Amino acid sequence: MTMSAGWYLRRLSRMGPREIGGRVGDAVRRRRWRSARPDCPSVTGARFTAVLPAGTISAIPPDAAKRLIAEADRLMYGHAEYFGVVRDDLTDPDWWCDPKTGRRAPWGYAFDVPYRNEDAVGDIKQIWELSRHQYLTQLAAAYAITGNERYAERVAEHLRSWWTANPPLRGVHWISGIELGIRLLSWVWVRRLLDGWPGAAGLFEDNPVALNQIWHHQRWLAAFPSRGSSANNHVIAEAAGQFAASCAFGWFPSSARWRADALRSLERHLRGNTFDSGLNRELATEYHGLVLELGLAAVAEADAAGRPVPASIRLVLLRMTDALAAIVDSRLRPPRQGDADDGHGIVLDGAGTDRWGSLLATGDAVFGRLDWWPEVTGTDVRTPLLAALIKPTKPAVTRPASRPAHFADAGMTVLRGPGEIWCRCDGGPHGFLSIAAHAHADALSVEVRHDGVDVLADPGTYCYHGQPEWRQYFRSTLGHNTLQLDGGDQSLSGGPFLWTRHARSRVLTVDTSGTSDGGTARWCAEHDGYQGSVHRRRVELTAAKQELRVVDEVRGQHSPRPAVRLAFHLGPAIAADLVGNRAVLTWIRDDEGRSAVLDLPGELSWRAHRGETEPPLGWYSAGFGRKEPTTTLVGTGFADGAQEFTTVLTFRG
């Protein structure tokens, strides 16, 4: 995917004068750096002191250690999977090759590499992911647990290979700040986990090549922070990586300045990226997890190095953790809202470890759980390691006495009912900052689960670069459980990470108390994304009937008789038998058959779509780079006046 002149103009229109000035300065600096590549200052007497306290490794639960070692052994044999692509080349990886397309990124000055052009570079996510070196933190953790030096030797071999293949400012791995920040964080943890290995100092602090790489990474991050409309999760990763490295690898003349600047940036942007309720302002749940992981990792480095951090940082992380505990379903799955690219801050666990349970376990260890928090029964490696470094604190703030269900600033409401019915209603802003990069056109959408199973599903994300028709589908209004008018999206896309017009939503009514005594919980909201028309939606969950009622209304008309498409995307486990305007839904959960009836508006003509490609319709993406066919029910017709369309989902048993 290459960007047209029109895209650059649209992107420029979303920037303010300060951001434009900063980006002009960046461009000048890039030109100057092309020929000015200073060497790392001389370092003598460097020592790594940010080690784990004695006894930390023995606190790792045996089953979590077993999963990690199994993962490490797969990596040692060269096997891994990233974004749905299986790799068998990790014994000696080609750091510039995309295994999905077979293309290899071109060599040259980093800022000349056309990384958005898949024809020239390949899938950039595939190339970048391995070089985050989070698989090396897994191997290093396996060494720390077992003492088997073959894990440490593989880590050292791969780091030396990477450093040789990727000298400063050369090639595709020196383009994006989030990649440099996360890579620095990985290197800090690799050094920490290899501390008992005799070769650790020779690999890092006594190695001029390593010192040069660490210094240049930090110099880059200090020079090119994400700015203005791009200051989303990327700037958090940049600041967290810079801060972690300047704490743990504080061996350079600039370390104190880098550390102070990174801490100021982290504090400012953690607050800026987070609603007061604790939810992430990007309204993309996977990025809530990423930012929380990055923030916890940064605080761990501060405490390990004895560096104070503002109380506001711990307070934001506490609120984020409480918010996460509030919104997960009965199986600890959070909403599938907005973009998701499977990004992690630090990776120390093997396959099968529950990311969200791990974060809640860490929150329990660091902040203390509240009585209403869901129980976490799984184990992980990361929690005892972080908890050994982070000083337990209780910020001076009143925490929720009961489980919150409505987050007014984020426009998210979770209705809960018997039989573990979970329903997320979306009446919030269209993403974060002027470009809302990771938003979807999903205003007033609902997401419904029964005992953790997606019934009315958010289809997910699937891809970012290189497949514009799929990127557009998974972000579209039709790609969500909401109503579309005249074939258009509620918000106007200007590119794969750019929205030029944002639908404005407002919540009109919320009452989440009714289901506790068998009554009814209610939610109502509207948005103005269809110019000249207002889409209003009411949702009622009646506990006694195990019934969810959704009523859609179009007020005003931006065309004489607007065409309506109402979509309901079923989860991949759901089989549907559609007859007329009634669909019988069936699925299996824990070896038991479950069912529900979906009565759809009779004013519309209903059809089931599954796995269609021209155009895409009827798909579900469980994770980045993966998609599978699923059933989407679409009703078509027209809106006459203030007509209502009523949908009723009734669970059986």
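Quick note: residue numbers are just sequence positions, from 1. Just so it is clear, the model here is predicted, and its values are computed rather than measured.
- Remark: the backbone N or O of Ala544 is not paired with any side-chain donor or acceptor of Thr542 at under 3.5 angstrom.
- Distance check, rounded to the nearest 0.5 Å: CD of Gln531 to CG of Leu492 gives 9.0 Å.
- Between His79 and Leu90 the shortest side-chain heavy-atom distance does not fall below 4.5 Å.
- Contact annotation: the side chain of Arg582 never approaches that of Leu598 to less than 4.5 Å [non-hydrogen atoms, C-beta and beyond].
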Tell me, with the steps shown, if Leu548 and Val448 meet side-chain contact (heavy atoms from CB on, under 4.5 Å).
CA-CA 9 Å; Leu548 187 78; Val448 181; 3.5 Å; yes
Please lay out, stage by stage, how Glu420 and Arg449 fare under the test salt bridge (Lys or Arg N to Asp or Glu O under 4.0 Å).
CA-CA 8 Å; Glu420 304 296 349; Arg449 300 177 191 157; over 6 Å; no
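- Rounding to the nearest 0.5 Å places NE2 of His450 at 10.0 Å from CD1 of Ile574.
- Side-chain contact, His535 with Asp552: a donor N or O sits under 3.5 Å from an acceptor N or O.
- Side chains of Thr632 and His609: a donor-acceptor N/O pair is absent below 3.5 angstrom, by distance only.
- Looking at every heavy atom in both residues, Ile421 comes nearest to Phe651 through CD1-CD1, 3.6 Å.
- Between the side chain of Arg10 and the backbone N or O of Gly494, at least one donor-acceptor pair lies under 3.5 Å.
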Show your working on side-chain contact (heavy atoms from CB on, under 4.5 Å) between Thr482 and Asp442 and close with a plain yes or no.
CA-CA 7 Å; Thr482 188; Asp442 56 357; 5.7 Å; no
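- You'll find the side chain of Val648 reaches within 4.5 Å of the side chain of Glu547, heavy atoms only.
- Glu282 places no side-chain N or O within donor-acceptor distance of the main-chain N or O of Ala439, the cut-off being under 3.5 Å.
- Looking only at distances, a side-chain donor or acceptor of Ser491 sits under 3.5 Å from a matching main-chain atom of Ala503.
- Annotation: side chain of Asn273 is in contact with side chain of Asn280 (closest heavy-atom distance under 4.5 Å).
- Considering all non-hydrogen atoms of both residues, Leu633 and Ala608 come closest at CD2-CB, 3.8 Å.
- The structure places OG of Ser505 at 7.0 Å from CD of Gln490, a figure rounded to the nearest 0.5 Å.
- Ring pair His234/His438 is parallel by interplanar angle, where below 30° counts as parallel and above 60° as perpendicular.
- A donor-acceptor contact shorter than 3.5 Å is absent between the side chain of Arg424 and the backbone of Gln337.
- Counting all heavy atoms, side chain and backbone alike, Asn481 lies closest to Ala457 at ND2-O, 3.0 Å.
- The two residues Phe474 and Tyr462 come nearest to each other via the heavy atoms CE1-CB, 3.5 Å.
- Taking the ring centre of Phe624 as origin, the terminal cationic atom of Lys125 falls inside the region bounded by 6.0 Å and 45° from the ring axis.
- Put simply, the side chain of Asp489 never gets that close to the backbone of Ser476: no donor and acceptor are under 3.5 Å apart.
- For the residue pair Asp454/Tyr620, the side-chain donor-acceptor check at 3.5 Å is satisfied.
- Screening Thr477, Thr636, Leu566 for a side chain to side chain contact (heavy atoms under 4.5 Å, CB included) with Gln484, the sole residue that qualifies is Thr477.
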List the steps and the verdict of side-chain contact (heavy atoms from CB on, under 4.5 Å) for His288 and Leu279.
CA-CA 7 Å; His288 182 106; Leu279 291 180; 4.2 Å; yes
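- Closest approach of Leu483 to Tyr530, counting heavy atoms only: O-OH, 2.8 Å.
- Here the two rings, on His480 and His569, have centers that are 6.0 Å apart or farther.
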Dump the intermediate steps for salt bridge (Lys or Arg N to Asp or Glu O under 4.0 Å) on Arg537 and Glu526, then the final yes or no.
CA-CA 6 Å; Arg537 169 169 276 187; Glu526 64 183 20; over 6 Å; no
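- Taking the ring axis of Phe497 as reference, the NZ or CZ atom of Arg471 stays within 45° of it and closer than 6.0 Å to the ring centre.
- Here the CZ-CG distance, from Arg565 to Asp486, works out to 10.5 Å after rounding to the nearest 0.5 Å.
- For Ala437 against Asp339, the heavy-atom pair with the smallest separation is O-OD2, 3.7 Å.
- Within the 3.5 Å criterion, the main-chain N or O of Pro335 finds a donor-acceptor partner in the side chain of Thr285.
- Asp341 and Tyr287 are linked by a side-chain donor-acceptor pair at a separation below 3.5 angstrom, with hydrogens and angles left out of the test.
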I would like to know whether Arg331 and Asp451 meet salt bridge (Lys or Arg N to Asp or Glu O under 4.0 Å); could you show each step before the answer?
CA-CA 7 Å; Arg331 304 282 176 143; Asp451 195 18; 3.0 Å; yes
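- Residue Ser445 holds its OG atom at 12.0 Å from CZ of Arg336, rounded to the nearest 0.5 Å.
- Once rounded to the nearest 0.5 Å, the distance linking CD1 of Ile236 with CD1 of Ile182 reads 11.5 Å.
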Verdict with reasoning, Leu508 to Arg536, per side-chain contact (heavy atoms from CB on, under 4.5 Å)
CA-CA 9 Å; Leu508 304 174; Arg536 178 174 293 182; 3.4 Å; yes
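- With hydrogens and angles disregarded, a donor-acceptor distance shorter than 3.5 Å links the side chain of Arg475 to the backbone of Pro496.
- For the pair Arg594 and Trp587, the cation-pi test (distance below 6.0 Å, angle within 45°) is failed.
- A heavy-atom distance below 4.5 Å is found between the side chains of Phe568 and Leu600.
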